[in-house]
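In listed order, ligands and their atoms are each counted from 1. The figures here come from the full heavy-atom set of this structure, side chains too, leaving out hydrogens, waters and symmetry mates. This structure is a prediction, so every number in the text was calculated from the model and none was measured.
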Amino acid sequence: MTTTSLRQSDALVLFGATGDLAYKKLFPALHAMIRNGALDAPKVPVVGVASAKWREDEVRERIVRSVGEHGGVADSGALGRLLAGFRYVGGDYGDAGVFRAIREALPDARRPTHYLAIPPAMFETVIAGLGAAGLAENARVIVEKPFGRDLASARELNRIAQAAFPEKSIFRIDHYLGKEAIMNILYFRFANSFLEPIWNRNYIDNVQITLSERFGVEGRGAFYETAGCLRDVIQNHLFQIVALLAMEPPVYRGYGAVQDKTAEVFRAMRPLRPGDLVRGQYAGYLDEAGVDRDSDVETFCALRLFIDSWRWEGVPWFLRAGKALAGTVAEVLVQLKRPPQRLFEDSAVQAGRANYLRFRISPDAAVALAARVKTTGEEFAGEQRELYLLNERSGEASPYERLLTDALAGKGALFIRQDAVEAAWAVVDPVLADRPRALPYPRGSWGPPDADRLVEAHGGWTLPEIHQDISR
Ligand code: BG6
């Protein structure tokens, strides 16, 4: 939306260049950006930094493999340009020599962007190193989630980042905000007027959001031990979805207005209590590499949330996410209330749910409105049908491609503001300290049966449809 006079970054420094995120998402995104003209490599160089002392040729080989495996359509020209502009700096992040080497690799850069795809525990060291080497001047920094591990550490992280960079140069990335289907929630809500009269406690019974993954922690056991599902995807990805669904209309045309409204939603969320939460752990998690044998870390989390605002008073928001579940799917169901009177033959036995609006986020994108229609015959009985407003396999740019392009251009619209991060932590903070134990659940299920208890009074969870062909 709004842009001020933003200047394009002239170099990218990627901390964590030998990590999982760089391999699966970032190098493929850079490759795609070169292919479509968003990154002018090798003129805009990429410097990879990692603490592991890899040789440059090993890192280059890894980039080739990463792009081959995750980069979509092969384009040797784009890959060649990525490699031509690539330099590698290896060493300990606490060593000033690493930062001198980065400087030397970038003799002409005036406005670099630094991407911290590293464990949050390293942020302070790296940001201090950048500051001391003069690499923070006119620079931007992209910080990967989770931003802190609770409210206190998020505040500390923000303090550290803001000591070296102004807020407008700090890009807190949540890749869910770069997904088409999620941007469409914002668009759909405010580009139409028919929703507004029903979009409140009078017509909406509850909202359910599911982020389910069929796979387990996949080699990220050590990371998961420090995070757990609540920190990994709920406090950020799912909360962002809640914010887009729940926010008041932005008051001007600009993303600053959207960010204001996001922060307002988080501030209105009632802090969670232990009874609002069911934690689960899949059978076999304790045998994963990097996992403590007595670990109580949750790989599944379901919760009931309230937004104490005029619009949402009394409406429960049910969120659940987990690994090793029945399928890989992300979906929102906005469940409307039933009609006040049961006038028809099938009213009493009406199987299934009242009308609803469904936003499918992945693996395919859909917006469907479900309403009942009469079936032909003498009886006044019918069935619920879905009217699809959108139903497509996503052909979108990867969220990382979109967000990296924006960050290099200095556009902060799709990034998270400090006040929103802190307000979101304030909601989950109470249950980080005081929480029920993680209950076991079998792989391939929908989590521990106790999660159903949360939703009992509202007809249970709606199970998203799983298309076996496209779920991992
Ligand atoms: C990441 C989490 O942020 O999001 C992962 O760390 C999770 O655990 C992933 O699998 C889900 O993202 P997507 O885009 O695959 O739905």
Side-chain angles (χ1 to χ4, degrees), residues 16 19-26 28-29 32 69-70 72 115-120 142-149 171-185 209-241 244 279-282 285 288-291 297-301 319-332 359-366 393-404 414-416 421 424 428 443 447 464 466-467 470-472:
D20 194 58
L21 185 72
Y23 187 80
K24 290 193 182 139
K25 306 285 186 193
L26 302 180
E69 215 176 302
H70 300 284
Y115 195 135
L116 309 194
I118 52 174
I142 307 177
V143 189
E144 260 298 328
K145 60 148 269 274
F147 316 111
R149 20 179 317 100
F171 293 74
R172 298 177 192 81
I173 198 167
D174 178 327
H175 77 281
Y176 264 50
L177 288 185
K179 288 186 185 241
E180 269 298 319
I182 286 177
M183 293 191 259
N184 197 21
I185 295 177
I209 308 180
T210 300
L211 166 53
S212 157
E213 294 173 322
R214 208 216 295 265
F215 47 89
V217 292
E218 289 195 318
R220 296 166 76 220
F223 161 72
Y224 228 72
E225 283 291 283
T226 66
C229 178
L230 184 59
R231 288 189 173 97
D232 185 35
V233 295
I234 294 191
Q235 185 268 356
N236 32 69
H237 301 335
L238 294 200
F239 272 25
Q240 290 296 332
I241 297 175
L244 293 172
R279 300 167 66 244
Q281 188 184 84
Y282 65 81
Y285 173 71
E288 302 271 7
V291 169
V297 164
E298 79 281 355
T299 58
F300 171 94
C301 190
L319 275 50
R320 64 177 170 169
K323 300 213 179 268
L325 296 183
T328 300
V329 61
E331 191 165 284
V332 175
F359 296 91
R360 175 93 158 185
I361 291 159
S362 65
D364 43 342
R393 287 296 292 276
S394 141
E396 61 179 305
S398 88
Y400 277 99
E401 181 185 340
R402 160 87 195 229
L403 295 174
L404 256 170
L414 297 177
F415 295 82
I416 322 276
V421 171
V428 302
R443 289 189 84 110
I466 310 279
H467 309 304
I470 44 179
S471 57
R472 289 206 283 147

Student: Could you tell me the separation between the OH atom of Y176 and the CE atom of M183, rounded to the nearest 0.5 Å?
Tutor: 13.5 Å
Student: Looking only at distances, can you tell me whether any N or O atom of K25, backbone or side chain, sits closer than 3.5 Å to an N or O atom of ligand 1?
Tutor: no
Student: Show which atoms of ligand 1 fall inside a sub-4.0 Å distance from at least one heavy-atom site of K179.
Tutor: 13 (P), 14 (O), 16 (O)
Student: When you measure from atom 12 (O) of ligand 1 to every protein heavy atom, which one gives the shortest distance, and what is it?
Tutor: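 Result: H175 NE2, 3.1 Å.
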Student: Which heavy-atom pair separates G216 from K323 by the least distance, and what is that distance?
Tutor: O-CD, 3.5 Å
Student: Got a list of side-chain donor-acceptor pairs under 3.5 Å for residues 234-241, not counting sequence neighbours?
Tutor:
unit_1, atom_1, unit_2, atom_2, d
N236, ND2, R231, O, 2.8
H237, ND1, D174, OD1, 2.7
H237, ND1, D174, OD2, 3.4

Student: Identify, for atom 10 (O) of ligand 1, the protein heavy atom at the shortest distance, and state residue, atom and that distance.
Tutor: E213 OE2, 2.5 Å
Student: Taking all non-hydrogen atoms of both residues, which atom of K24 and which atom of P28 are closest, and how far apart?
Tutor: O-CG, 3.5 Å
Student: Just so I know, are the side chains of E69 and Y23 near enough to count as touching, which here means a heavy-atom distance under 4.5 Å?
Tutor: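 Yes. Closest side-chain heavy atoms under 4.5 Å.
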Student: Tell me whether Y224 has any N or O atom under 3.5 angstrom from an N or O of ligand 1.
Tutor: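 Between Y224 and ligand 1 (N or O atoms, distance only) the closest approach is not under 3.5 Å.
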Student: If the cut-off is 4.0 Å to any non-hydrogen atom of D232, which atoms of ligand 1 fall inside it?
Tutor: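 Atoms satisfying the 4.0 Å criterion: 2 (C), 5 (C), 6 (O), 8 (O).
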Student: Considering all heavy atoms of both residues, which atom of Y224 and which atom of V217 are nearest to each other, and what is their separation?
Tutor: CG-CG1, 3.6 Å
Student: Among all protein heavy atoms, pick out the one at the shortest distance from atom 1 (C) of ligand 1; state its residue, atom name and that distance to 0.1 Å.
Tutor: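 Minimum-distance protein heavy atom for atom 1 (C) of ligand 1 reads H237 NE2, 3.6 Å.
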Student: What atoms in ligand 1 come closer than 4.0 Å to a heavy atom of K145?
Tutor: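 Heavy-atom distances to K145 below 4.0 Å select 1 (C), 2 (C), 3 (O), 6 (O).
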Student: To the nearest 0.5 Å, how far apart are CZ in F171 and CD in E144?
Tutor: 14.0 Å
Student: Quick one: nearest non-hydrogen protein atom to atom 16 (O) of ligand 1, plus distance?
Tutor: Y176 OH, 2.6 Å
Student: What atoms of ligand 1 come within less than 4.0 Å of a heavy atom belonging to K323?
Tutor: 5 (C), 7 (C), 8 (O), 10 (O)
